[in-house]
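What you are looking at is a predicted structure, and each value in this text was computed from that prediction instead of being measured. In what follows, every chain begins at residue 1, and chains take the letters A, B, ... in the order their sequences are listed.
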Protein chains: 2
Amino acid sequence: MITLKQLRYLAALARHGHFGRAAESCAITQPALSMQIRDLEQFLGVTLVERRPGEVMLTEIGREIARRGEDVLAASRDLVDFAQHRAQPLTGRLTLGIIPSLAPYLLPKILPALQSQFPELRLELRETQTRPLIDEIKSGALDAAMLALPLGEADIDTMDLFDDLFLLAVPADDPRPRDKRVAADDIDQSRLILLEDGHCLRDQALAFCATIPRGPAPGTTGMTFGASSLTTVMQMVAGGFGVTLIPQIAADVEARDSRVKFLRLEEPQPGRSIGLAFRRTSPRKADFAALGEVVKGSVGAG
Amino acid sequence: MITLKQLRYLAALARHGHFGRAAESCAITQPALSMQIRDLEQFLGVTLVERRPGEVMLTEIGREIARRGEDVLAASRDLVDFAQHRAQPLTGRLTLGIIPSLAPYLLPKILPALQSQFPELRLELRETQTRPLIDEIKSGALDAAMLALPLGEADIDTMDLFDDLFLLAVPADDPRPRDKRVAADDIDQSRLILLEDGHCLRDQALAFCATIPRGPAPGTTGMTFGASSLTTVMQMVAGGFGVTLIPQIAADVEARDSRVKFLRLEEPQPGRSIGLAFRRTSPRKADFAALGEVVKGSVGAG
DNA sequence: ATTATTGATCAGATAAACTTATCGCATGCC
DNA sequence: GGCATGCGATAAGTTTATCTGATCAATAAT
């Protein structure tokens, strides 16, 4: 079987027309090059070089083989270049999942930075709830996902990105002053509006308001309605239908609506920890580290 | 530096998705394949394969590298195929010289056979006198030449093709009968018409008629005219301006002219030995042998 | 003739690649 | 839980390639 080394030596020989100088240009000795050329000729069953005293001359077929050899070498060089350029983080395709309570607020912050810092990154996004994200990470459909930690999945490694405090969103006409620290007990459980089932944010809010009785309270819609987006929830709060726990990152955006105001919660303030999840065996950890830096920078600044 | 072997192993791994089976398909053991893959990854500085329990999975870049690897392998396979197909004789370009006193008579006999037996042969012909043919063989401009032997050139090997007797061409009204064997002395030296200087045939004819005085004989044109082609010489013979020594192979063709008749010469009949000349170091001797067979077959039959 | 150049050849050293055996880890099955 | 199974990584030892350095043969130039 032929080797790239033989083709490299042949190329050098074609260029120099001289075994000794060709060998020198390959940083080997002349017998080594002679042997490789001989092996190549023997394998191909063709004489590539006409050894003439004082001058070596590629045969007709030798020239053609050398030309084709250059093609092979060029393709292999491309391959190496490709790999080594791609070795720099965040280039090429990366499939990223993100939970719905995060996507519309975080993505606008990070996508511009990602695009400017890593123009060769082709990000493919998928927005869905935590459970399917985890499954898709495990199956390889996703490279990673941004979601709330902890997960408690054995095969999944995670990286902390930032903490996201919860605020209590109430109608603007709520009697409590803006600087009032609300306690969990102060939340009118019967008026709590939440996302539909499956959203981690719903579970986190419920965990905080642990005293809330299971099952829908009579005469309320909050528990049973199950909004599919935080924006919907906020519209309902603005409409005076109830209150909700909303992450800081979302509040920053939704605060534009003057019919709503946000109240901080008593220490220890509840919140969620946002992180990046990926297969423990993933080879793209350098990518994830770079991505994490961008997220941290964008969230801190924005 | 990467090797074709590594690319072959990677291709097998990509196909089988399993180190053990990939190794088996390469007729090596699994550790050998693992090592080559690891070396490749290390050189490229990229993780190509995500080792997951129960399943190996090429990474995004691994797939791309494998794809490019296939390109490289395909190019190298083409190279080998090319060489091995071209290993059969008389394919590709072959530059062949031929002397003018042979070309118009021999080529029509051999070219059809060459083309039908070796359709992949691309013959490049050059018709000129012996001296430039030899020089061009030495310089590599020609692969070989068909001409009259012997040559007495140290760097040139030759192969006998066929012997070509000389006949005496005389006007049809020459008093000698067709079956008369002419002796060298019977040739009217003053009426001898020859090719111009530089043609080997001229020298051979002169050597045969060794008694001919040097320098043009007064009142004759034969020696000084120096025709540039045998056809011209024959036209002059037909016109009654003189006689000439003509090779059998040419006589076969020129005999169509009824104004000329050919007389055989006394034993030992003079003639020339036609052969193929080539660089002693030429790698295409198999080609020349095949060419020689064609020539011998065509001349014998035709 | 003599010397210099050039590629081939040979023996020994070195490096690469392979094989066998073993390990570690994860999974699945009583 | 304990144990077998499958798979890839690792280690040790051996074979195979490959290289170097010295030398040889042929040729060309002096």
task: Carefully, step by step, assess Glu64(B) and Arg67(B) under the rule salt bridge (charged side-chain N to carboxylate O under 4.0 Å, His left out).
output: CA-CA 5 Å; Glu64(B) 180 62 20; Arg67(B) 196 192 61 70; 2.9 Å; yes
- prompt: Taking protein heavy atoms under 4.0 Å as touching, what does nucleotides 16-22 of chain D look like 5' to 3' if B marks base contact, S marks sugar-phosphate-only contact and - marks none?
  reply: --SBBBB
For atom CG of Leu13(B) and atom C1' of dA9(D), their distance in whole Å: 14 Å
task: Answer yes or no: is there an ion pair linking Glu50(B) with Arg63(B), defined by an N-O contact shorter than 4.0 Å?
output: no
task: Report yes if at least one side-chain N or O of Ser34(B) is closer than 4.0 Å to OP1 or OP2 of dA9(D); otherwise report no.
output: yes
Atom pair distance, as rounded to whole Å: CD in Gln42(A) and C1' in dA8(C): 14 Å
- request: In whole angstrom, give the distance that lies between atom NE2 of His16(A) and atom P of dT5(C).
  value: 18 Å
task: Please determine if Glu196(B) and Arg202(B) form a salt bridge, counting it only when a charged side-chain N lies under 4.0 Å from a carboxylate O.
output: no
query: Side chains of Ile99(A) and Cys200(A): closer than 4.5 Å at any heavy-atom pair?
result: yes
message: Do Lys285(B) and Asp287(B) have side chains that approach each other closer than 4.5 Å (heavy atoms only, starting at C-beta)?
response: no
task: Report the distance from atom CZ of Phe19(B) to atom P of dG8(D), rounded to the nearest whole Å.
output: 6 Å
field: Nucleotide nearest Arg38(A) when distance is taken to its side chain, options dC7(D), dT6(C), dT9(C)
entry: dT9(C)
message: For dG7(C) and Arg21(A) - does any side-chain N or O of the residue sit under 4.0 Å from the phosphate oxygens OP1/OP2?
response: no
task: Look at all strands and tell whether Arg52(B) reaches a base, only sugar-phosphate, or nothing, counting heavy atoms closer than 4.0 Å.
output: nothing
- request: Quickly work out the Ile37(B) CD1 to dG8(D) P distance and round it to whole Å.
  value: 11 Å
task: Quickly work out the Met1(B) CE to dA17(C) P distance and round it to whole Å.
output: 13 Å
query: Is the shortest distance from a Lys or Arg side-chain nitrogen in Glu153(A) or Arg131(A) to a carboxylate oxygen in the other one below 4.0 Å?
result: yes
message: Tell me whether His16(A) contacts the main-chain N or O of His18(A) through its side chain, where contact means a donor paired with an acceptor under 3.5 Å.
response: no
- request: Using a cut-off of strictly less than 4.0 Å, decide whether Arg51(B) has a side-chain nitrogen or oxygen near OP1 or OP2 of dC7(D).
  value: no
- request: Taking only the side-chain nitrogens and oxygens of His18(A), find out if one of them lies under 4.0 Å from OP1 or OP2 of dT5(C).
  value: no
